[in-house]
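The next block holds one structure in the form of C-alpha cells; read it before the comments.
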Amino acid sequence: MSTQRAVVPAIVVASEHAETCAVLSEEIRRRYGADYEVTTRHGADEAVSTLVAYRDGGAEVALVVSGYGEHDRDGLEVLARARRLHPAAMRAVAVGWGDFGRAREVFDALATGEIHQYLVRPEHRPDEEFHRSVTELLEDWTLGSETGFEAVRVIGDPKTSRSHELRDSFARNHIPIGFHDVRSDTGRRMLDSLGLDDPELPVVVVRFTAEPTVLANPTDLEIADAFGLMEPLPADAHFDVAIIGAGPAGLAAAVYAASEGLDTLVIEAEAVGGQAGTSSLIRNYPGFPRGVSGHRLTYSAFQQAWSFGATFQFMRKVTGLRGDGADRVIEMSDGSSVRAAAVVIATGSSYRRLDVPELEALIGNGVFYGAAVSEAPAMVGKAVFVVGGGNSAGQAAVHLAKYADRVTLLVRGGDLAASMSEYLIRELDASPNISIRFDVEVVGGGGPDGLDRLVVRDRTTGDDEAVAADALFLLIGSRPHTGWLEGSVARDEWGFVCTGQDLSEERSDRPPLPLETSMPGVFAVGDVRRGSVKRVASAVGEGAIAVQYLHRYLEEMRRVAVGSS
Ligand SMILES: Cc1cc2nc3c(=O)[nH]c(=O)nc-3n(C[C@H](O)[C@H](O)[C@H](O)COP(=O)(O)OP(=O)(O)OC[C@H]3O[C@@H](n4cnc5c(N)ncnc54)[C@H](O)[C@@H]3O)c2cc1C
C-alpha cells in the first residue's frame, strides 16, 4: 500500500514587499519545506505565472499565501487568480501586525469565500500562532485531497451522486480514500485485478483490514459492517443516556454526559458533524475570531466525547422510539434495538434545497442557505437576492438592505399576506432599496469565481430572465428529521419536536423539564427542537444544558425505584 505521494504539493508565497516576502518565505520554508515545495514569488505577475505553470504541469498547490497591505496592494487579486487556477488550494492573506486600515476588506473577502484565512505576518520567532493557522489550512487541504494512503479505495464514475456521496462521507469521517475514475486506465486496471465480472459501481475496497473486503455498490450498512463498525451492542446493553444524532447538539450533550460519568451512547446515521460538518467556515462561533471549519470543530468534539468514554455507533439510523417501563427503547435501521434510561434527540434539520445543481456548487461562495447574518456586512454595494416568502426571508431582506445596494425578494406565490407578519411587510415596503418580485422562482445561475448571475423564471408566463447577482440567500424553510418519531413524542405542525413550556397541556404526570419532550426522560436539543435558534453555538448550548436536566430526571427515577423497592 503506497503511503507517499509521487510529487510533493506546493505552497506558493507571494508578496511585492521585499521584507514580507523574505519573512513569510523563510518561516514557511523552515517549517514545511520537507513536505511541500515552497515557492516564493516577488510580486503579483510572477506569482500568477507560477500558478499558471503549476496548473499547466498538473502540479498540486496546497496553499497560496499572499501579502496584503500598503506595499502589497495586489494581494487579494493574486488570491482571486489562484482560486480560478487552483480551486482546491487554500488561500490566505498575510497582513502586517496592527494594519487595521485594511481589516474591512479582509473580512469582506473572508465572508464571500475569496480567502479562507488571514494570517498576521510573523514578527518574532517562533510565532506559533502563525504556524498554527498555516497548519490548520494545510490540514483542511489534506482533508479534501487524496494523500496517497488509501485505507479505502473507491472505483466508480465521478459524476454519479453515489460516488460523490461516498467520497464526501469518507472524507468527513477522516478516512483516507483513493478515488479512481472507472474510465481511466488505472481505474480499469484496478477493477480487472479484483476479478469482478461487470460489477455494479461504485466498487469499494476496504484495504486496512487483514483481508481486503471488496463491495460492489454497497449500502452504508454494508460498508459499516466491512469496517467492523457493526459490532452489535450486547443484547443486554443498557445506557444511562442514548443521544441520537452527532451534530453540534448531540456531540455537546455527549461531551457533558460522558464527562459527568453517565454511560453514554451516541447513534449517528451518517458522519460526525451534522450540518455544521458541511460548513467550510463557521465565523460566528465564539472564540474563533478567524472562523473555524465546521468539520474541525465537530470532529474535535467527537474526539473529546470519545475520550471521555462515550460509545459511538455510526451509519445507523434510528427508526423508532418507545417507552417500556422506566426504559426507553431505541430501534435502529439494522433491525437491532438498544435500551437507555434517558434519550436526547439531536437529529437536526435540513434546509429545503433549491435543487439547482449549478447554484448548489456555489454554497458559501455567493450562495447561502439561511440568513447568514455574519455575511451581511460584506454585502456593501452589492446586488443581493433573497428567496422565500416567510418571516425569516423578510427579516433577512431587511437586515441585508442595511448593507447591500439593492435587495430583491423573490417570492413563489402571488402575495405575502398569508406567509409573513404584517409589520415585516410594512418594513419591506418602506425600505427604498428593497424590491419584491412575486410569482417567480430561481431556476439557474452561476459565475466563474462565485455567483454573478441568476436565472429567474416568471411562473405565470414561463419566461426566463438572466439578472446580475452578487449573492443569493435561500430561506425556503427547513425540515426536521423527525419522521421516525411518529406516534411517540409530540411535534408541531412542521414536525419540530415540542419541549418544556410548549407542552403544558400534553403532560399529565408532572410539568415537563426544560428541553424535555412529551415522553418523560426524552429530551430534544438543537435544530430539531421547536423554537430553536438554528445556530451552532445555540445547539451546543442546548446539548450542554440538557445534561443538567438529565441528571435531575435520572435522580428522580432513582428515588422512585428506591421508594418502590
Ligand atoms: C452549509 C451550512 C452552513 C452553516 N453555517 C453556520 C454558521 O456559520 N454558523 C452557525 O451558527 N450555524 C450555521 N449553520 C447552522 C448549523 O450548522 C446548525 O444550526 C447546527 O448544525 C444544528 O446542530 P444540530 O446538532 O441540532 O443538528 P445537525 O447539525 O443537523 O445534526 C443532526 C445529526 O443527526 C443525524 N441524524 C438525523 N436523523 C437521524 C436518525 N434518524 N438517526 C441517527 N442520526 C440521525 C444527522 O445525520 C446529523 O448528523 C449552517 C448550516 C449549514 C447547512
Side-chain angles (χ1 to χ4, degrees), residues 110-111 113 165 168-169 172-173 220-221 224 242-255 265-286 288 291-295 297-299 301-302 312-321 330-334 338 343-353 360 362-365 367-376 473-475 478-486 488 495-497 515 523-544 546:
L110 263 177
E165 217 172 84
D168 184 55
S169 167
R172 284 171 59 201
N173 278 310
D220 287 351
L221 281 180
I243 297 164
I244 305 164
L251 289 168
V255 166
L265 171 69
V266 183
I267 307 166
E268 166 57 52
E270 295 173 14
V272 164
Q275 297 170 73
T278 66
S279 169
S280 57
L281 195 69
I282 293 176
R283 299 187 53 225
N284 57 355
Y285 193 77
F288 294 88
V292 55
S293 102
H295 184 80
L297 186 70
T298 52
Y299 196 76
F302 155 65
F312 280 81
Q313 296 275 291
F314 288 112
M315 292 192 172
R316 283 206 181 119
K317 196 168 189 154
V318 171
T319 52
L321 171 67
I330 297 122
E331 283 145 11
M332 291 183 274
S333 47
D334 61 353
V338 65
V343 169
V344 177
I345 299 168
T347 47
S349 62
S350 327
Y351 285 112
R352 266 176 227 277
R353 311 303 284 203
E360 293 288 309
L362 292 177
I363 290 175
N365 190 3
V367 177
F368 305 95
Y369 276 98
V373 173
S374 45
E375 314 304 338
F473 292 82
L474 297 154
L475 291 109
S478 63
R479 223 178 280 150
H481 300 140
T482 58
W484 58 282
L485 287 169
E486 188 76 54
S488 57
F496 290 94
V497 177
L515 304 176
F523 297 79
V525 292
D527 279 17
V528 77
R529 196 178 66 77
R530 177 187 161 88
S532 65
V533 180
K534 315 277 185 297
R535 295 276 187 281
V536 177
S538 53
V540 165
E542 289 185 13

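Counting starts at 1 for both ligands and their atoms, in listed order.
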Less than 4.5 Å apart, any side-chain heavy atom of Leu474 and any of Tyr351? no

Any N/O pair Ala539/ligand 1 closer than 3.5 Å: no

Considering both backbone and side-chain atoms of Val536, is one of its nitrogen or oxygen atoms within less than 3.5 Å of a nitrogen or oxygen in ligand 1? yes

To which of Val367, Val318, Val292 does the heavy atom nearest atom 40 (C) of ligand 1 belong? Val318

Between Lys534 and Ser532: side-chain donor-acceptor atoms closer than 3.5 Å: yes

Is there a polar contact between ligand 1 and Ala249, counting only N or O atoms under 3.5 Å apart? yes

Closest to atom 52 (C) of ligand 1 among Gln275, His481, Arg535 (heavy-atom distance): Gln275

Using a strict cut-off of 4.0 Å, indicate which atoms of ligand 1 neighbour a heavy atom of Ile267. 43 (C), 44 (N)

Would you mind listing which atoms of ligand 1 come within a distance below 4.0 Å of any non-hydrogen atom of Asn284? 7 (C), 8 (O), 9 (N), 10 (C), 11 (O)

Under 4.0 Å from a heavy atom of Ser349: give me the atoms of ligand 1 that qualify, with their elements. 30 (O)

Counterpart residues, side-chain hydrogen bond (donor to acceptor under 3.5 Å, both in side chains), relative to Glu486 (two or more places apart): Arg491

Name the orientation class of the two ring planes belonging to Phe314 and Phe312 (parallel below 30°, tilted from 30 to 60°, perpendicular beyond 60°). parallel

Side-chain heavy atoms of Thr482 within contact of Phe496, under 4.5 Å: no

Does any non-hydrogen side-chain atom of Pro248 lie less than 4.5 Å from one of Thr298? yes

Is there a polar contact, in the sense of an N or O pair closer than 3.5 Å, between Glu268 and ligand 1? yes

Tell me whether Gln275 contacts the main-chain N or O of Gly247 through its side chain, where contact means a donor paired with an acceptor under 3.5 Å. no

Is the closest heavy-atom distance from Tyr369 to ligand 1 below 4.0 Å? no

Below 4.0 angstrom from a heavy atom of Trp484, which ligand 1 atoms are there? Numbered from 1 as shown, please. 41 (N)

Would you check if the side chain of Thr319 reaches a backbone N or O of Glu331 as a donor-acceptor pair within less than 3.5 Å? yes

Give the numbers and elements of all ligand 1 atoms closer than 4.0 Å to a heavy atom of Gly526. 26 (O)

Does a side-chain heavy-atom distance below 4.5 Å link Ile363 with Arg353? yes

Worked check of side-chain contact (heavy atoms from CB on, under 4.5 Å) between Phe523 and Arg529: CA-CA 9 Å; Phe523 297 79; Arg529 196 178 66 77; over 6 Å; no

With the threshold set at under 4.0 angstrom, would you say Ile282 reaches ligand 1 through any of its heavy atoms? yes

For ligand 1, which atoms, with element, lie under 4.0 Å from some heavy atom of Asp527? 18 (C), 19 (O), 22 (C), 26 (O)

Show the atoms of ligand 1 that are less than 4.0 angstrom away from any heavy atom in Ala346. 32 (C), 33 (C), 34 (O)

